[in-house]
Undergrad: 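Below is a structure I'd like to ask you about.
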Amino acid sequence: MLVIYNILLIFLLPLAMYKLYWPKPGKPAVGRRWLEHFGISPKWAKADIWFHTVSVGEVLAAVPLIKRLKQQQPELRILLTSTTATGAEQAQQKLGDWVEHRYAPFDLWPCIAWFLRWHQPQRLWIMETELWPNWLTLCQRHNIPVSLINARMSERSCRRYQRFSNFSKRLYGKLDLVLAQHQDDAQRFHHLGVDAAKIVVTGSIKYDLADPWQAKQQASALRPQLFAERPVWIAASTHKGEDERVLEVMQMVRKQLPDSLLILVPRHPERFDQVAELLKQQNIAFSRRSQQQIPDAQQSIYLADTMGEMMLMYGCADVAFIGGSLVKVGGHNYLEAAAMGLPCVAGEYDFNFSDISQQLQARGALKLSADTEQLANWLKVWLSDPQQRSQAGQAGLAIVKQNQGAIDASLKALLA
């Protein structure tokens, strides 16, 4: 099976290179650092810990853990890898000199061998579930222990892996430690071949958000400048095919609340201009964050086309719609919105965050529906009623606070 995998990987390499390197509007370029994907580093940099994050979401989740670790052991040499240029950009912005950053090597034997020779990591920590067979095989041969951090495994993904049970057991059997977010994740990893003694349930690191106080302070100053007293809701991390339905919701909300405004945040930077063009096609008046425009009374949308400002934008809103849920992406993390005290609505597809979703729904902090009219009705209620909105938002914030502590539990297990 591994032989077949490696043959397929060689044929798929041009596609991977196209996705990573082909320029798109708003997408940062890899530039001259493309050789790092082949394991060739610009300089020798030995690492105590090789910490892998795929892209923006995983980098942001890793930031508080890395900072806590460096505060405890400042002498540790941490090499942070990401696959995408947007991930690299966030690593530089959020961590700077705390880590040495490289692009992650492709899962080809020569690339990994060169990477390991350049950096000689003592251990590999992988954020969430980014597993590559050749990485694990070569790390095992070099006696480099591999830990999976903040790991989750949905029932759907587990069933897919079980179709190739022999391959899955060999793959997951190479892991030395799995820090599962929840007990059901732990059980699924065990079913896939991880020894139960190597699994620790630590909770989700994503609950241990950085203190949002600074974002709240910035938002309290920014919101009056941008939106005055208008009711504001945010559609965060929207995807292609989802923006049109969000705009339908916006029009329904404005029938009852004509002065309401939508902060629209597309998920990927290469889509910023595409969404702007969509708004022009629909003759919707809007302003753009990247151009430092201030919405006038006739504009109904503020296009937040910048990176690294999601918490600030949440702080400027009253209610949040979480994207990736009206299309079969599986949703995005609710916790940043909840940490800012916002009640949330979302579409029916939030299977990537089902555990968090269930907790928020049980407390009345989250409403789900595939029906855009129903979503609009919930938004109108929360935008119109400050008391109900505050009650739901505080319920979500309480859940965030109750579940914090995963960073300490994870470091305790990793450094044992």
Side-chain angles (χ1 to χ4, degrees), residues 12 15-16 18-20 24 26-27 54-58 60-61 83-84 86-87 127-131 150-164 168 181-182 184-185 188 192 204 206 233-252 262 264-272 274-275 277-279 282 304 310 319-338 344-361 365-379:
L12 290 172
L15 177 61
Y18 169 80
K19 290 186 70 176
L20 288 169
K24 293 182 181 179
K27 176 183 175 182
V54 186
S55 191
V56 174
E58 293 77 16
L60 294 178
T83 304
T84 67
T86 50
M127 180 59 74
E128 299 188 3
T129 49
E130 175 84 353
L131 296 184
N150 210 44
R152 55 190 173 90
M153 176 65 64
S154 69
E155 183 63 35
R156 183 182 182 188
S157 296
C158 188
R159 287 197 301 269
R160 286 178 178 173
Y161 278 115
Q162 285 177 327
R163 293 175 190 169
F164 309 96
S168 297
Q181 293 187 16
H182 305 283
D184 56 353
D185 296 310
R188 290 172 192 140
L192 292 176
S204 173
K206 291 185 176 180
W233 63 287
I234 182 171
S237 298
T238 61
H239 286 254
K240 184 178 180 179
E242 188 170 43
D243 302 287
E244 294 83 354
R245 298 187 68 190
V246 169
L247 296 179
E248 291 175 17
V249 174
M250 183 268 294
Q251 300 288 8
M252 291 183 228
L262 165 63
L264 182 56
V265 190
R267 174 66 175 176
H268 298 110
E270 57 267 30
R271 295 191 58 246
F272 292 159
Q274 297 171 15
V275 174
E277 186 60 33
L278 172 66
L279 297 177
Q282 295 199 13
M310 186 67 84
V319 186
F321 165 82
I322 307 301
S325 59
L326 287 172
V327 290
K328 291 185 179 179
V329 170
H332 292 294
N333 196 355
Y334 298 107
L335 296 177
E336 288 185 338
C344 300
V345 300
E348 62 179 325
Y349 303 113
D350 73 339
F351 48 80
N352 287 335
F353 296 91
S354 57
D355 52 329
I356 298 171
S357 173
Q358 289 166 13
Q359 291 184 66
L360 291 172
Q361 287 182 74
L366 169 66
K367 305 285 188 181
L368 300 185
S369 180
D371 180 33
T372 52
E373 186 173 355
Q374 182 62 73
L375 292 173
N377 288 338
W378 285 324
L379 286 165

Undergrad: Nearest 0.5 Å please: distance from the CD atom of Q162 over to the CG atom of L192.
TA: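 Interatomic distance, Q162 CD to L192 CG, rounded to 0.5 Å: 5.5 Å.
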
Undergrad: So does R267 get a backbone contact from the side chain of S237, meaning a donor-acceptor N/O pair under 3.5 Å?
TA: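 No: the side chain of S237 does not pair with the backbone of R267.
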
Undergrad: Output the distance between atom CG (L264) and atom CZ (F272), rounded to the nearest 0.5 Å.
TA: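 Output value for this atom pair is 10.0 Å.
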
Undergrad: Mind checking the CG-CG spacing from L278 to L247? Nearest 0.5 Å is all I need.
TA: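 So the CG of L278 and the CG of L247 are separated by 5.5 Å.
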
Undergrad: Who pairs with S154 by side chain to side chain contact (heavy atoms under 4.5 Å, CB included), at least two apart in sequence or on another chain?
TA: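 Expected list: R156, S157.
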
Undergrad: Looking only at non-hydrogen atoms, find the nearest pair between A304 and V265 and report the distance.
TA: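 In terms of heavy atoms, the two residues are closest at CB-CG2, 3.8 Å.
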
Undergrad: Mind checking side chain to side chain contact (heavy atoms under 4.5 Å, CB included) for Q358 and listing every partner two or more places apart, or none if nothing turns up?
TA: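 S354.
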
Undergrad: Looking at D350 and S357, what are the two nearest heavy atoms and their distance?
TA: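 Closest approach of D350 to S357: OD2-OG, 2.6 Å.
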
Undergrad: Would you name the heavy atoms of Y349 and K328 that are closest together and state the gap between them?
TA: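 What the structure gives for the nearest pair is OH-CE, 3.4 Å.
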
Undergrad: Apply side chain to side chain donor-acceptor pair (under 3.5 Å) to T84 and list each qualifying residue two or more places apart in sequence or on a separate chain.
TA: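 Scan of T84 (side chain to side chain donor-acceptor pair (under 3.5 Å), adjacent residues dropped) gives S55, T86.
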
Undergrad: Heavy-atom count check: over 12 atoms from other residues, nucleotides or ligands less than 6.0 Å from E277 CD?
TA: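 Count over threshold, so yes.
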
Undergrad: Give the C-alpha distance, both sets of side-chain angles, the deciding distance and a yes or no for salt bridge (charged side-chain N to carboxylate O under 4.0 Å, His left out) between E128 and K206.
TA: CA-CA 11 Å; E128 299 188 3; K206 291 185 176 180; 3.1 Å; yes

Undergrad: Quick one: list whatever passes salt bridge (Lys or Arg N to Asp or Glu O under 4.0 Å) with E155, sequence neighbours left out.
TA: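 If we apply the salt bridge (Lys or Arg N to Asp or Glu O under 4.0 Å) test to E155, skipping adjacent residues, the hits are R159, R188.
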
Undergrad: Could you go through the side chain to side chain contact (heavy atoms under 4.5 Å, CB included) check for L375 and V246 one step at a time?
TA: CA-CA 9 Å; L375 292 173; V246 169; over 6 Å; no

Undergrad: Can you list the steps and then say if S168 with R163 is a side chain to side chain contact (heavy atoms under 4.5 Å, CB included)?
TA: CA-CA 9 Å; S168 297; R163 293 175 190 169; over 6 Å; no

Undergrad: Locate the shortest heavy-atom distance separating M153 from C158; write the atom from each residue and the value.
TA: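 Heavy-atom minimum between the residues: SD-N, 3.7 Å.
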
Undergrad: Give, for atom SG of C344 and atom NZ of K367, the distance between the pair rounded to the nearest 0.5 Å.
TA: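 NZ of K367 is found 12.0 Å from SG of C344.
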
Undergrad: Checking V329 now: which residues fulfil side chain to side chain contact (heavy atoms under 4.5 Å, CB included) with it, not counting sequence neighbours?
TA: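 Side chain to side chain contact (heavy atoms under 4.5 Å, CB included) check on V329 returns H239, V327, H332.
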
Undergrad: How many angstroms lie between atom CD of E248 and atom CD of Q282, to the nearest 0.5 angstrom?
TA: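 CD of Q282 is found 8.5 Å from CD of E248.
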
Undergrad: Work out which heavy atom in G347 is nearest to a heavy atom in L368; give both atom names and the distance.
TA: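 Of all heavy-atom pairs spanning G347 and L368, the closest is O-CD2, 3.6 Å.
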
Undergrad: Holding to side chain to side chain donor-acceptor pair (under 3.5 Å), I want the full list of residues that pass it with R152, two or more places apart in sequence or in another chain.
TA: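 For R152, no residue satisfies side chain to side chain donor-acceptor pair (under 3.5 Å) once neighbours in sequence are set aside.
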
Undergrad: Provide the closest heavy-atom pair for Q374 versus S369 in the form atom of the first, atom of the second, distance.
TA: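 Looking at all heavy atoms of both residues, the shortest contact is CB-OG, 3.6 Å.
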
Undergrad: For the residue pair L326 and F321, establish whether any side-chain heavy-atom pair is separated by less than 4.5 Å.
TA: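 The answer is yes; the side chains approach within 4.5 Å.
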
Undergrad: Would you sort out whether E336 and M310 count as a side chain to side chain contact (heavy atoms under 4.5 Å, CB included), showing the intermediate values?
TA: CA-CA 8 Å; E336 288 185 338; M310 186 67 84; 3.6 Å; yes

Undergrad: Who pairs with H182 by ring pair (Phe, Tyr, Trp, His ring centres under 6.0 Å), at least two apart in sequence or on another chain?
TA: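 Per chain and number, H182 pairs via ring pair (Phe, Tyr, Trp, His ring centres under 6.0 Å) with no residue.
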
Undergrad: Suppose we screen for side chain to side chain donor-acceptor pair (under 3.5 Å). Which residues come up paired with T129, at least two apart in sequence or across chains?
TA: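 So T129 forms no side chain to side chain donor-acceptor pair (under 3.5 Å) with any residue.
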
Undergrad: List for me each residue that meets side chain to side chain contact (heavy atoms under 4.5 Å, CB included) alongside I356, sequence neighbours excluded, and say none if there are none.
TA: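 Partners of I356 under the side chain to side chain contact (heavy atoms under 4.5 Å, CB included) test: Y207, N333, Y334, L335, F353, L360.
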
Undergrad: Check side chain to side chain donor-acceptor pair (under 3.5 Å) between Q251 and all other residues, then give those that pass, not counting sequence neighbours.
TA: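 Q251 satisfies side chain to side chain donor-acceptor pair (under 3.5 Å) with no other residue.
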
Undergrad: What pairs with Y161 under ring pair (Phe, Tyr, Trp, His ring centres under 6.0 Å), at least two apart in sequence or on another chain?
TA: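 Y161 satisfies ring pair (Phe, Tyr, Trp, His ring centres under 6.0 Å) with Y172 only.
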
Undergrad: What residues, two or more places apart in sequence or in another chain, satisfy salt bridge (Lys or Arg N to Asp or Glu O under 4.0 Å) together with R271?
TA: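 Partners of R271 by the salt bridge (Lys or Arg N to Asp or Glu O under 4.0 Å) criterion, ordered by chain and then number, come out as D243.
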
Undergrad: Are the side chain of Q181 and the backbone N or O of N150 linked by a donor-acceptor pair below 3.5 Å?
TA: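 It does hold such a pair.
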
Undergrad: Output the distance between atom CE (M250) and atom OG1 (T372), rounded to the nearest 0.5 Å.
TA: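 Reported value, rounded in 0.5 Å steps: 12.5 Å.
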
